[in-house]
J.: 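Below you'll find the structure I mean.
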Amino acid sequence: MDAKTEHLVQEFMHGLIKRNPGQTEFHQAVYEVAGTVLPFIENKPKYKDLRILERMTEPDRIVIFRVCWEDDEGNIRVNRGYRVQNNNAIGPYKGGLRFHPSVTESVLKFLAFEQTFKNSLTGLPMGGGKGGSDFNPKGKSDREVMRFCQAFMSELFRHIGADTDVPAGDIGVGAREIGYMFGQYKRLANEFKGILTGKGLEFGGSLIRTEATGYGTVYFMENMLQHAGDSMDGKVCCVSGSGNVATYAVEKINHLGGKVVTLSDSSGFIYDEAGIDAEKLQYVIDLKTKRRGRISEYADEFGCKFVADERPWSVPCHLAFPCATQNEINVQDAQLLVKNGCQGVSEGANMPSEQDAIAIFQDAKILFAPSKAANAGGVAVSGLEMSQNSARISWNEVELQDLLQSIMKSIHERCVEYGETDGRVDYLKGANVAGFVKVADAMLAYGVV
Ligand code: NDP
Ligand code: 2IT
């Protein structure tokens with residue numbers, strides 16, 4: 001960042017931090033955008049003077065509510081539920097629900113802000129939102145999860161709608177939780193409408209929605225490599241996480257000729273030098289979605305290394321796919337990755353790299369795809385699920401695969417259009433500016449609102 005940009009960003013952040021004290025994740029996400037969007041709008045009065053970025057960083061509204069439910073022992077439990085409706089300039093609010101003890105207003109504001117840019121990049125008509133709860137599904141019985149989901153939807157239902165706000169899954173919210181929440185919505189509203197995405201195929205879900213985020217993250221990497229005259233073939237890859245995004249990233253890397261040697265969860269990581277093939281991957285999917293076990297069990301099953309309480313970034317690799325959570329790559333991790341010869345990072349998780357870690361990737365001139373571009377495949381197929389629900393039809397797998405691939409390709413092209421200087425692509429700048437322009441132009445059309 002040059003001195004002039006630094007000054008612009010500091011001035012902008014000063015006001016934002018004052019208005020949102022202590023919300024460090026939200027500050028971080030805005031900082032990442034401000035560093036590229038502020039210089040872009042500096043000589044464009046239509047955006048600058050009309051305070052478009054200031055308006056985009058103030059959510060349209062935030063709903064916070066009590067979620068009260070009963071556990072299997074008859075104890076009354078109280079959690080907090082949220083929905084952050086950030087911006088609906090280009091379509092209904094759209095974005096996932098996260099159930100994790102680390103959920104706070106700050107975390108959901110960062111995610112809803114990011115989602116606004118990401119959804120814009122998909123080219124589909126979706127605004128940005130995010131929600132969730134500090135509820136921890138880990139160790140809960142199916143019935144407890146069901147009762148929590150029903151209680152959560154009993155309040156959320158009055159704030160969402162097929163043309164208003166369409167939530168989906170995220171950390172801790174998968175097919176099981178979406179089923180319970182959709183069932184409760186249907187009961188309360190007496191309507192069968194596409195008010196959630198990621199639904200089961202029997203009740204309005206779309207083919208390949210489950211796979212879309214992981215696949216899309218790998219397609220984005222493939223696009224970056226091709227643009228640089230390279231390919232996925234033979235690349236050794238480190239993937240973190242072992243949930244929805246991570247597992248389908250592994251599947252696509254395998255399809256494209258790469259080899260994945262790590263997976264992780266919040267207890268540590270496994271290192272399988274031989275590679276995680278289709279059979280081992282099926283074991284992980286069953287472990288995580290059916291038995292809800294720990295990744296260390298993989299090491300026992302296949303006789304490989306498990307490293308407790310650490311992240312996988314010390315393992316030498318050509319490509320890294322962080323697919324667990326925010327801030328899972330710090331400066332030391334980034335330095336290690338670069339030192340060990342990593343050539344590219346594609347962010348499957350939302351904001352997995354700390355600010356200074358991104359700077360290390362950029363200084364080392366390795367390929368770096370920010371989450372709002374790299375993981376947009378999930379919400380893109382959610383958008384396609386909404387279209388199918390509105391038209392009351394279902395597209396087949398081939399059509400949807402083609403659409404996902406072409407959407408990821410066009411996001412890559414838009415990043416190149418806005419991020420390329422002197423033959424080098426700054427994907428962070430490209431994604432931020434391209435995502436900004438569409439939302440900003442819609443907001444300008446509405447006047448001062
Ligand atoms: P899942 O709940 O399916 O899996 C999350 C994985 O990340 C688990 O392996 C989990 O381990 C690990 N994890 C979560 N929190 C932490 C933590 N604090 N420290 C270490 N590991 C952690 O979620 P998803 O795969 O859906 O989401 C992963 C990431 O991808 C998130 O950042 C999400 O926002 C993002 N994303 C998801 C999309 C989707 O369609 N699902 C779309 C776009 C982005 P453990 O089980 O031990 O907690
Ligand atoms: O972060 C994300 O893009 C998601 N969790 C998916 C959102 C969606 O509406 O499918």
Side-chain angles (χ1 to χ4, degrees), residues 25 91-103 107-108 110-119 121-122 124 126-132 136-139 160 165-178 194-199 205-206 208-217 239-250 263-270 284-285 287-289 292-296 298 309-312 321-329 347-353 371-386:
E25 295 86 0
Y93 304 109
K94 179 84 196 87
L97 296 170
R98 178 177 290 192
F99 293 168
H100 194 272
S102 63
V103 163
V107 167
L108 296 177
F110 115 62
L111 288 162
F113 176 72
E114 286 284 296
Q115 197 82 45
T116 303
F117 289 75
K118 184 195 306 191
N119 294 2
L121 283 169
T122 66
L124 300 173
M126 300 182 289
K130 200 87 187 189
N136 185 0
K138 232 175 264 163
I160 63 174
D165 184 354
V166 184
D170 193 77
I171 293 178
V173 178
R176 173 181 64 168
E177 291 74 17
I178 293 290
I195 50 87
L196 289 172
T197 60
K199 299 185 292 299
S206 173
I208 77 156
R209 173 61 190 89
T210 310
E211 297 87 346
T213 313
Y215 280 14
T217 301
V239 176
S240 67
S242 46
N244 173 262
V245 180
T247 47
Y248 291 100
V250 175
L263 277 174
S264 70
D265 63 20
S266 53
S267 334
F269 76 91
I270 57 110
V284 177
I285 294 173
L287 173 74
K288 288 292 174 180
T289 59
R292 301 190 185 271
R294 309 306 299 156
I295 199 66
S296 55
Y298 177 106
D309 301 323
E310 277 189 35
R311 304 185 284 218
F321 296 86
C323 296
T325 193
Q326 65 269 10
N327 293 330
E328 54 167 318
I329 299 186
E347 295 188 328
N350 283 305
M351 204 170 75
S353 312
S371 49
K372 57 174 77 67
N375 72 28
V379 75
V381 176
S382 278
L384 302 177
E385 182 172 332
M386 289 166 70

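Excluded from the calculations below are hydrogen atoms, water molecules and symmetry mates; all remaining heavy atoms, backbone and side chain alike, are included. Atoms within each ligand, like the ligands themselves, are counted from 1 in listed order. The first residue in the sequence is number 1, and the count goes up from there.
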J.: Salt bridge or not for E385 and K199, using N-O below 4.0 Å?
T.: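 Salt bridge between E385 and K199, a charged N being under 4.0 Å from a carboxylate O: yes.
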J.: Do any nitrogen or oxygen atoms of V245 lie less than 3.5 angstrom from nitrogen or oxygen atoms of ligand 1?
T.: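 V245 vs ligand 1: N/O contact under 3.5 Å present.
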J.: Provide, to 0.1 Å, the distance between atom 23 (O) of ligand 1 and the closest protein heavy atom, together with that atom's residue and name.
T.: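 That would be I171 CA, 3.5 Å.
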J.: Below 4.0 Å, non-hydrogen atoms only: which portion of K372 touches ligand 2? Side chain, backbone, both or neither.
T.: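 None of K372 does.
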J.: Which option, S371, G169, G172, owns the non-hydrogen atom nearest atom 2 (O) of ligand 1?
T.: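 The residue whose heavy atom sits nearest atom 2 (O) of ligand 1 is G172.
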J.: For atom 9 (O) of ligand 2, tell me which residue out of E385, M386, R98, K94 has the closest non-hydrogen atom.
T.: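 Checking each option, the heavy atom nearest atom 9 (O) of ligand 2 is found in K94.
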J.: Taking non-hydrogen atoms only, is N350 closer than 4.0 angstrom to ligand 1 via side chain, backbone, both or neither?
T.: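 The part of N350 near ligand 1 is both the backbone and the side chain.
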J.: Look at atom 33 (C) of ligand 1 and say which protein heavy atom is nearest, naming residue and atom and giving the distance to 0.1 Å.
T.: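 Protein heavy atom at minimum distance: D170 OD1, 3.2 Å.
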J.: Of the side chain and backbone of N350, name the one, both, or neither that has a heavy atom under 4.0 Å from an atom of ligand 2.
T.: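 N350 to ligand 2: side-chain contact only, backbone stays beyond 4.0 Å.
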J.: For ligand 1, is S264 a contact, meaning one of its heavy atoms is under 4.0 Å away?
T.: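 True for this residue.
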J.: Between the main-chain N or O of S371 and the side-chain N or O of E347, is there a donor-acceptor pair closer than 3.5 Å?
T.: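 Confirmed, E347 side chain pairs with S371 backbone.
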J.: Under 4.0 Å from atom 10 (C) of ligand 1, can you find at least one protein heavy atom?
T.: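 No, no protein heavy atom sits under 4.0 Å from atom 10 (C) of ligand 1.
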J.: What atoms in ligand 1 come closer than 4.0 Å to a heavy atom of C323?
T.: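 It comes down to these atoms of ligand 1: 28 (C), 29 (C).
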J.: Does ligand 2 have any atom that is closer than 4.0 Å to a heavy atom of A376?
T.: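 Judged by the 4.0 Å heavy-atom criterion, A376 does not count as contacting ligand 2.
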J.: Report, in ascending order of atom number, the atoms of ligand 1 lying under 4.0 Å from any heavy atom of R98.
T.: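 Those atoms are 31 (C), 32 (O), 33 (C), 34 (O).
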J.: E114 near ligand 2, heavy-atom distance under 4.0 Å?
T.: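 Contact absent.
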J.: Can you tell which of A324, G243, A349, A380 gets a heavy atom nearest to atom 28 (C) of ligand 1?
T.: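 Checking each option, the heavy atom nearest atom 28 (C) of ligand 1 is found in A324.
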J.: Using a 4.0 Å heavy-atom threshold (strictly under), name the region of Q115 that reaches ligand 1: side chain, backbone, both or neither.
T.: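 Neither part.
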J.: Among protein heavy atoms, which sits nearest to atom 48 (O) of ligand 1, and what does the distance come to when rounded to 0.1 Å?
T.: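 Residue, atom and distance for the closest contact: K138 NZ, 2.9 Å.
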J.: Can you figure out which of T210, L111, T213, T289 has its heavy atom closest to atom 38 (C) of ligand 1?
T.: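 Going through T210, L111, T213, T289 one by one, T213 has the nearest heavy atom to atom 38 (C) of ligand 1.
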J.: Write out the residue and atom name of the closest protein heavy atom to atom 47 (O) of ligand 1, then the distance separating them to 0.1 Å.
T.: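 The answer is S266 OG, 2.4 Å.
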J.: Classify the contact between E328 and ligand 1 as side chain, backbone, both or neither, using a heavy-atom distance cut-off of under 4.0 Å.
T.: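 It is neither; nothing of E328 touches ligand 1.
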J.: Under the criterion salt bridge (charged side-chain N to carboxylate O under 4.0 Å, His left out), which of K288, R292, K138 is the partner of D265?
T.: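 Exactly one pass, corresponding to K288.
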J.: State if M351 counts as touching ligand 1 under the rule of any non-hydrogen atom under 4.0 Å.
T.: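 Under 4.0 Å: no for M351.
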J.: Students should be able to answer this: which protein heavy-atom is nearest to atom 8 (C) of ligand 2, and at what distance?
T.: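 In this structure, atom 8 (C) of ligand 2 has A168 CB, 3.4 Å as its nearest protein heavy atom.
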J.: As an exercise, identify every atom of ligand 2 less than 4.0 angstrom from a heavy atom of K130.
T.: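 Under 4.0 Å from K130, ligand 2 has these atoms: 1 (O), 2 (C), 4 (C), 5 (N).
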J.: For ligand 1, which atoms, with element, lie under 4.0 Å from some heavy atom of S242?
T.: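 Within the 4.0 Å cut-off of S242, ligand 1 contributes 9 (O).
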J.: With a cut-off of 4.0 Å, which atoms of ligand 1 are near a heavy atom of G348?
T.: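 The list of qualifying atoms is 30 (O), 35 (C), 36 (N), 44 (C).
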J.: Could you identify the single nearest non-hydrogen protein atom to atom 16 (C) of ligand 1 and state the distance to 0.1 Å?
T.: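 That would be T325 CG2, 3.6 Å.
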J.: Going by heavy atoms, is Q326 under 4.0 Å from ligand 1?
T.: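 Q326: no contact with ligand 1 (<4.0 Å).
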J.: Where the closest heavy atom to atom 44 (C) of ligand 1 is concerned, which of N375, T197, V284, V107 has it?
T.: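 The option holding the nearest heavy atom is N375.
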J.: Below 4.0 angstrom from a heavy atom of H100, which ligand 1 atoms are there? Numbered from 1 as shown, please.
T.: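 Listed by number with element, the hits are 15 (N).
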J.: What atoms in ligand 1 come closer than 4.0 Å to a heavy atom of G241?
T.: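 Here the atoms of ligand 1 in question are 9 (O).
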